[in-house]
Amino acid sequence: MYLVNIRINDNNFDSKIKMHRDWLKSIANHLFLSGAYEDKTHSGFFNSKR
């Protein structure tokens, strides 16, 4: 099992977040948990089942 922290660069955030969300949807069946950090801007994590 892996825990990955992600931070999207503030430059072009709007265009990058759509690509990121599409990517998360494409691997959703492999994820155990994912979400955004409330205390870190443009950051989140995901945890894979593998």
Q. In terms of hydrophobic clusters joined by side-chain contacts under 4.5 Å, are Leu24 and Met19 together?
A.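 Result: no, two separate clusters.
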Q.
Is there a side-chain contact between Tyr37 and Asn5 in this structure, where contact means two heavy atoms from C-beta onward sitting under 4.5 Å apart?
A.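 In contact.
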**Q.** With sequence neighbours excluded, residues passing side chain to side chain donor-acceptor pair (under 3.5 Å) with Lys18
**A.**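 Counting only residues at least two positions away or on another chain, Lys18 forms a side chain to side chain donor-acceptor pair (under 3.5 Å) with Asp22.
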Q. Who are the side chain to side chain donor-acceptor pair (under 3.5 Å) partners of Asn29, not counting sequence neighbours?
A.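 Side chain to side chain donor-acceptor pair (under 3.5 Å) list for Asn29, sorted by chain: empty.
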Q) Which pairs with one or both residues in residues 29-48 pass salt bridge (charged side-chain N to carboxylate O under 4.0 Å, His left out), sequence neighbours excluded? A)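 Not a single pair qualifies under salt bridge (charged side-chain N to carboxylate O under 4.0 Å, His left out).
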(Q) Just to verify, what does Leu33 make a side chain to side chain contact (heavy atoms under 4.5 Å, CB included) with, not counting sequence neighbours? (A)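 Testing Leu33 for side chain to side chain contact (heavy atoms under 4.5 Å, CB included), a comparison that skips the adjacent residues, returns Phe45, Asn47.
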